[in-house]
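What follows is a short report on a single structure.
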Amino acid sequence: MRLRELAAAGSAALVAVALTACGAGFTTAAAGNASAGGAGAPEAERVFKVAFNQNADQPEAVALTHLGERLAERTDGRYSLEVYPNETLGAQKDTVELVQSGAVDLALVAGSLLENVNPDFVALNMPYVYDSQAHQESVLNDPAITGDLYSSIEDQNVRVLGGFSAGVRSVYNAQHPVETPEDLAGLKIRVMETDTNSRMMDLMGGVGAPMGQGEVYTAIQSGVLDGGENNESIYANLKHDEVAPYYSYTNHLMIPDYLITNPATFGAMSEDDQAVFLEELQKAYEESSALTTEVMTESQKAAEDAGAEFNSPDVEPFREAVQPLLDEKLTTATSRELYDDVRAAAQTTAGTTEGAGR
Ligand code: GCU
């Protein structure tokens, strides 16, 4: 998979699409195909637009594109999906609002953004709450754990259809390898746009700087930021390795990405079609999961070949440093219970080391 080439080729062509795509709601097959915007939506009466902020060959985009193909087949051409990558429909923060207004049908957004809609989502976004990708995947789509969380924001026009594992996040910077929290002192590190992440980075020893993903490269290059924190794929793919060549495996976060829609959009499908969608979504999690493992390894190697330096600090001091965040953020009975249930489920998947164990 040639991640960088695709990223570069995709973004220019897609800017034009974004300008006409917003605000139109559903796209017909003809319009969808003429836009050439997404990753090849199949013919269908209704083509759901899916907002995605990374490039089209990222695991989740590939899995959603395939989901669209299966959906078209299984609904006899009533529905399919078209993924609009590279923030062409907006940065994640905007796409939550576009889903709420019905201008965009579906969006894939990081859990951090949903904290702004219901703060209880924070429980699934806490540092070190998951021990591995397998642990995260075992709880994310288990209603016995998530309870009413995903339907809790329907009155705010957001329905969570399910969660994807999006890799393990670690810090990287332009100055030096990070071995201890002290090494982060004074370093301005980009985090996703919530106070939780900003406060987390402060506790880890650095200075948290909330920002949308699209601006990070230039901000590091110009010295406004010293670095960021993300998985290896985003690091290599968005070429952050060029401007911040020290990647340190603090493994501090595994923020889920959620597929969200507007309850009215989803409710307009027949119950049978909804069931087909949700069944096929299960397969999309599996496909994305397998690809994620593959892509992270490839990306690490690509960044290393391009000159980046990877190191593996002892994560314990970082884990200890963020402990105050638990009391500060898990302030409701629901969020505390969720957090405890996720931790309890770690026992079941104990021994699985892929993901957070690198
Ligand atoms: C990951 C994650 C995205 C998120 C991004 C970010 O790529 O999958 O959902 O937007 O990180 O750091 O902004």
Side-chain angles (χ1 to χ4, degrees), residues 3-4 7 11 50-64 83-99 104 106-117 121 124-125 127 130 133 136-137 140 160-173 188-194 196-198 200-201 208-220 225 227-241 244 247 250-260 284-285 288-289 291-293 295-296 299-300 303 355-356:
L3 304 174
R4 290 172 188 217
S11 50
V50 188
F52 186 60
N53 72 338
Q54 301 151 46
N55 72 46
D57 73 339
Q58 284 294 302
E60 294 158 318
V62 172
L64 288 172
V83 178
Y84 287 76
N86 299 320
E87 291 190 353
T88 43
L89 297 182
Q92 287 192 342
K93 208 171 171 199
D94 308 320
T95 62
V96 174
E97 287 163 23
L98 290 168
V99 163
V104 163
L106 297 134
L108 202 78
V109 299
S112 302
L113 282 306
L114 295 188
E115 286 177 34
N116 304 325
V117 190
F121 274 88
L124 302 179
N125 299 339
Y130 308 106
Q133 189 174 316
Q136 184 178 46
E137 286 166 348
L140 267 191
V160 176
L161 294 173
F164 288 78
S165 185
V168 187
R169 302 172 76 101
S170 289
V171 294
Y172 50 87
N173 79 92
K188 262 190 142 179
I189 304 293
R190 178 268 174 172
V191 291
M192 282 191 278
E193 297 171 275
T194 58
T196 311
N197 285 347
S198 187
M200 172 202 71
M201 187 48 63
M211 193 181 276
Q213 190 180 58
E215 302 161 63
V216 180
Y217 181 97
T218 318
I220 301 176
L225 287 178
E229 53 86 47
N230 219 314
N231 59 50
E232 301 93 324
S233 170
I234 296 298
Y235 177 60
N237 213 334
L238 299 184
K239 303 189 184 180
H240 293 180
D241 55 334
Y247 188 104
T250 46
N251 289 331
H252 56 279
L253 276 184
M254 294 182 72
I255 302 262
D257 277 337
Y258 294 105
L259 185 64
I260 60 165
Y285 303 139
S288 177
S289 170
L291 285 172
T292 296
T293 311
V295 162
M296 295 307 164
S299 304
Q300 195 261 352

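When reading the values below, keep in mind they use all heavy atoms of this one structure, side chains included, and skip hydrogens, waters and symmetry mates. First listed ligand is number 1; within each ligand, the first listed atom is number 1.
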Going through the checks in order, is the side chain to side chain donor-acceptor pair (under 3.5 Å) test met by Glu115 and Asn125?
-> CA-CA 9 Å; Glu115 286 177 34; Asn125 299 339; 2.8 Å; yes
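Atom OG of residue Ser165 and atom CE of residue Met254 lie 4.0 Å apart, to the nearest 0.5 angstrom.
Note on ring orientation: taking the six-membered ring where Trp is involved, the planes of Tyr217 and His240 are tilted (angle from 30° to 60°).
Using a heavy-atom distance under 4.0 Å as the criterion, the protein contacts of ligand 1 are Asn53, Gln54, Gln92, Ala110, Ala166, Arg169, Arg190, Met192, Gln213, Asn230, Ile234, Asp257.
Using a 4.5 Å heavy-atom threshold, the side chains of Arg190 and Met201 count as separate. Proximity of Arg169 to Met192: side-chain heavy atoms (C-beta onward) are separated by under 4.5 Å at one or more points. Within the 4.5 Å cutoff, the side chain of Tyr84 has no heavy atoms near those of the Thr95 side chain.
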